[in-house]
Student: 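The structure under discussion is supplied below as structure tokens; questions concerning it will follow.
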2 protein chains.
Amino acid sequence: MPRQRQTRQRIAIENVFDHEPRPLGPAEVLDLAQEEVPKLGIATVYRALNDMVEEKLLRVVELPGQPARYEKSGLHHHHHFHCLQCDKVFDLEGCLLKSNLNLPEGFKVTGHDITLSGSCPACAPDSDES
Amino acid sequence: MPRQRQTRQRIAIENVFDHEPRPLGPAEVLDLAQEEVPKLGIATVYRALNDMVEEKLLRVVELPGQPARYEKSGLHHHHHFHCLQCDKVFDLEGCLLKSNLNLPEGFKVTGHDITLSGSCPACAPDSDES
DNA sequence: CTAATTGCAAACAGTTTGCAGGCGT
DNA sequence: ACGCCTGCAAACTGTTTGCAATTAG
């Protein structure tokens, strides 16, 4: 299975992820990539995104009630913080899962997902901005 | 804002949640409730579900890539286990979040969501079935 | 009786797919 | 030149909404 072709649109899409450090949704990607390739279509974004996930270049980040977002894979194991005010998603380094899980018998855990929510520094209600 | 009317369909839908202990999706709810009210429509299910969430009778449980599921609220704080084989979702008692979170400055956490995935006892690959 | 609720179908949003033409290799 | 990739639009799925008829209070 040879690599996919290096088209202008594919490159533009990859660039978007290199320049934006947070998980992006298809519409956001379209928007940003269109600055480079204006006639880019949403279908192409979806195809590229799916291919890139398949190739493990991207990881899918799913948040409750929202379209899936994508971020570059190969990052350290981490979790996400969802700002309920500005709706942005941030990466949190390190694992937030308890080490001594106490699961019922018979459950085999192969993966986990943690999302914290609240307000990010920029939106924090009690910022110490005097 | 008076309580909503006690219609046959609303009651049927509430019953579904009393009888099923796991998070259910709209389609599942429709299916189960139709045993009681055959001509029940999907739109009514959605309306009821949304109303019930609004009234805090139900909680929304979102899993990556799947339609939202709903479960009765007022349960103890808990998290979810998603069996990747049979696709059912189970409740896990207790909180699985690390107690000593080490977040960057400025993030205010108001909630969190944890989903483990793997195989449930019924689907476990290495069951000790000799 | 009066107005909220229902069921149907049309409207919507997000995502996928088919096809003819364009473009990497 | 070959065939993958793109763009457009149509198809699909999940969810919401408009409206006339039904029914709870």
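Owing to the predicted nature of the structure, the values given are computational and were not obtained by experimental measurement. By convention in this document, chain letters (A, B, ...) are assigned in the order of the sequence lines, proteins followed by strands, and residues within each chain are numbered from 1. Basis for what follows: all heavy atoms, side chains included, without hydrogens, waters or symmetry-related copies.
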Student: Roughly, in whole Å, what's the span from CZ in A:Arg10 to P in D:dG7?
Tutor: 11 Å

Student: For C:dG7, does either OP1 or OP2 sit under 4.0 Å from a side-chain N or O belonging to B:Gln9?
Tutor: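 For C:dG7, OP1 or OP2 has a side-chain N or O of B:Gln9 closer than 4.0 Å.
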
Student: Applying salt bridge (Lys or Arg N to Asp or Glu O under 4.0 Å), name anything that partners A:Arg59, two or more places apart in sequence or on another chain.
Tutor: A:Glu71

Student: In this structure, are over 12 heavy atoms from other groups packed under 6.0 Å from A:Asn102 atom CG?
Tutor: no

Student: Check whether the side chain of A:Arg5 and the base of C:dG22 form a donor-acceptor pair under 3.5 Å.
Tutor: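 Absent.
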
Student: Expected output is a numbered-order residue list: members of residues 35-45 of chain A with a heavy atom under 4.0 Å from any atom of DNA chain D. What is it?
Tutor: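 When residues 35-45 of chain A is checked for heavy atoms under 4.0 Å from DNA chain D, the hits, listed by number, are A:Lys39, A:Leu40, A:Gly41, A:Ala43, A:Thr44.
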
Student: So, does the side chain of B:Arg69 form a donor-acceptor pair with the base of D:dG14 at under 3.5 Å?
Tutor: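 In this structure, the two groups form no donor-acceptor pair.
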
Student: When the distance from OH of B:Tyr46 to P of C:dA10 is rounded to whole Å, what number comes out?
Tutor: 18 Å

Student: If you measure from CZ on B:Arg47 to CG on B:Leu49, what distance do you get to the nearest 0.5 Å?
Tutor: 12.5 Å

Student: Is the B:Phe107 ring parallel, tilted or perpendicular to the A:Phe90 ring (thresholds 30°, 60°)?
Tutor: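 Because their plane-to-plane angle is over 60°, the rings of B:Phe107 and A:Phe90 count as perpendicular.
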
Student: Do the ring planes of B:His79 and B:His112 sit parallel (below 30°), tilted (30 to 60°) or perpendicular (above 60°)?
Tutor: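 Correct class here is tilted.
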
Student: Give one of base, sugar-phosphate or nothing for B:Ala68, where a contact means two heavy atoms less than 4.0 Å apart.
Tutor: sugar-phosphate

Student: With no angle test and no hydrogens, is the base of D:dG7 tied to the side chain of A:Arg47 by a donor-acceptor pair under 3.5 Å?
Tutor: yes

Student: Whole Å only: how far is the CG atom of A:Asp51 from the C1' atom of C:dT17?
Tutor: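 Rounded to whole Å, this separation is 14 Å.
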
Student: Nearest whole Å is fine: how far is C:dT16 P from A:Leu49 CG?
Tutor: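 So the two atoms are 9 Å apart, to the nearest Å.
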
Student: For the side chain of A:Thr7, counting heavy atoms from C-beta on, which of D:dG7, C:dC8, D:dC5 is nearest?
Tutor: D:dC5

Student: Determine, stepwise, if the pair B:Asn15 / B:Ile11 fulfils side-chain contact (heavy atoms from CB on, under 4.5 Å).
Tutor: CA-CA 6 Å; B:Asn15 282 342; B:Ile11 292 168; 3.8 Å; yes

Student: OP1, OP2 of C:dT16 versus side-chain N and O of A:Asn50: anything below 4.0 Å?
Tutor: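 Yes, A:Asn50 has a side-chain N/O under 4.0 Å of OP1/OP2 on C:dT16.
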
